[in-house]
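Following: one structure in structure tokens, then a few remarks.
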Amino acid sequence: MNDYLPFMTLAIEAGKKSTCEDERSHPKVGAVIVRDGKVLETAYRGELGNGDHAEYTLFEKKLNGSDVAGTALFTTLEPCTARNTKKPCSHWVVEKGIRQVFVGMLDPNPRIYNKGCAYLKANGVEVHYFPEKLREEIERDNFSFIKQFSANPRPNGKADFDYTNNDGIFTIGNGDYIFETKWSKASDFSIHVYNDMPSVKTVAIALGAESFSEIKDATIYDGSSRARTIKEGEIVVMRNANGYCAAVKVIDVKDSSRSDAHDQIIFEYSILTDKTVDFSRVQAETEI
Ligand SMILES: [Zn+2]
């Protein structure tokens with residue numbers, strides 16, 4: 001494995017040069033293609049085009065037309081499995097006949113997590129991983145990208161995360177109106193929510209409310225229990241340690257021990273940053 005370290009390091013160094021095409025947080029990804037111990041080419045995210053993935057840049061732009069069958073690819077992030085318009089990188093890898101892929105870290109996005117590696121393995125590609133020490137460096141380089149899957153600082157928004165990670169905690173809001181929401185598995189259509197974290201004082205189900213605007217007074221609901229079990233489509237209201245209110249609507253729950261491929265919760269939320277308790281002015285569909 002030590003023979004491969006220089007290529008891994010080269011991929012990490014390339015990844016550090018990655019650029020972001022918009023204000024959202026994107027991963028820093030570097031990729032290196034090697035044949036018989038010699039580097040053929042390197043690439044990083046955004047190197048030759050806004051938002052271009054590193055592997056796409058390698059295969060489509062830098063090595064276009066070259067025969068790379070049988071080579072080894074070193075990439076700091078597992079190749080993606082879904083893209084809006086372009087072919088996903090994992091498909092490029094398989095089509096190009098790459099023999100081995102060395103992956104730095106798995107994608108923290110629950111929609112992709114481990115799917116890239118699984119796709120490669122299912123198609124006969126050998127998958128190996130960078131050693132832990134190098135992976136830690138990649139995780140440091142991608143701190144804000146990883147963080148977005150456990151936090152959303154905006155007052156209104158959406159969360160989409162794996163509730164088996166990070167002790168089930170997803171932080172919404174910031175400053176005085178921060179809420180560390182905490183979740184755990186109940187079923188594939190419901191989930192437990194807790195007031196365990198210091199920032200969250202009470203959790204209550206807004207019984208009967210289907211949209212935030214139906215909640216005229218967030219304080220009327222029963223917040224006497226540490227935990228509540230909430231179903232898809234229901235809304236939980238929370239008060240935080242500073243007296244701010246948040247409403248959280250559970251959109252979708254996935255449960256890997258039942259019918260689903262992975263564990264995931266999607267919710268949308270709204271925080272009353274003026275410290276009132278009336279959500280009736282909040283649009284039913286918050287801006288996401
Ligand atoms: Zn990709």
Side-chain angles (χ1 to χ4, degrees), residues 7-34 39-69 71-130 134-135 137-149 160-162 261-262 264:
F7 308 125
M8 295 173 180
T9 306
L10 191 59
I12 292 172
E13 291 309 315
K16 289 181 197 294
K17 299 182 205 161
S18 298
T19 57
C20 283
E21 66 274 23
D22 55 34
E23 73 287 351
R24 292 182 304 152
S25 191
H26 295 286
K28 291 184 185 301
V29 187
V32 174
I33 199 106
V34 174
V39 175
L40 296 184
E41 196 54 87
T42 68
Y44 55 87
R45 192 178 198 282
E47 183 176 353
L48 296 179
N50 265 345
D52 281 355
H53 288 191
E55 303 95 317
Y56 165 82
T57 304
L58 263 184
F59 297 131
E60 176 68 1
K61 293 195 164 170
K62 290 192 153 184
L63 292 164
N64 190 20
S66 307
D67 176 16
V68 288
T71 57
L73 169 71
F74 295 78
T75 178
T76 58
L77 179 70
E78 86 178 288
C80 64
T81 50
R83 300 215 63 191
N84 288 337
T85 51
K86 296 188 173 98
K87 192 189 301 182
C89 295
S90 55
H91 294 216
W92 276 109
V93 170
V94 169
E95 278 181 29
K96 291 286 180 182
I98 307 298
R99 189 167 67 86
Q100 294 174 306
V101 176
F102 293 79
V103 171
M105 71 170 192
L106 298 179
D107 197 318
N109 182 343
R111 293 175 194 281
I112 299 176
Y113 182 81
N114 204 31
K115 283 190 185 149
C117 290
Y119 180 85
L120 297 179
K121 289 175 193 166
N123 285 279
V125 181
E126 276 178 40
V127 176
H128 307 278
Y129 302 95
F130 287 27
L134 293 181
R135 184 164 62 248
E137 181 173 353
I138 297 166
E139 288 170 353
R140 277 195 300 276
D141 289 345
N142 284 283
F143 177 79
S144 60
F145 174 67
I146 294 169
K147 189 76 187 158
Q148 71 182 312
F149 298 103
D160 178 346
F161 70 107
D162 181 339
H262 55 280
Q264 182 186 16

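Atoms within each ligand, like the ligands themselves, are counted from 1 in listed order.
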Inset, instruction - List in chain and number order the residues that pass side-chain hydrogen bond (donor to acceptor under 3.5 Å, both in side chains) with Glu47, two or more places apart in sequence or in another chain; answer none if no residue qualifies. - result: Lys62
Inset, instruction - Spell out the protein N/O/S atoms under 2.8 Å from the Zn ion (ligand 1) as residue plus atom name. - result: His53 ND1, Cys80 SG, Cys89 SG
Legend entry - Side-chain donor or acceptor of Ser90 paired with backbone N/O of Cys80 under 3.5 Å: yes
Legend entry - Heavy-atom check, side chain of Tyr129 versus side chain of Leu106, under 4.5 Å: yes
Inset, instruction - Please name all residues satisfying ring pair (Phe, Tyr, Trp, His ring centres under 6.0 Å) with His26, sequence neighbours left out, ordered by chain then number. - result: none
Legend entry - By side chain to side chain contact (heavy atoms under 4.5 Å, CB included) - contacts of Ala54 (at least two apart): Val29, Ala31
Inset, instruction - Take Lys115 and Asp107 through the salt bridge (Lys or Arg N to Asp or Glu O under 4.0 Å) test and state the conclusion after the steps. - result: CA-CA 9 Å; Lys115 283 190 185 149; Asp107 197 318; over 6 Å; no
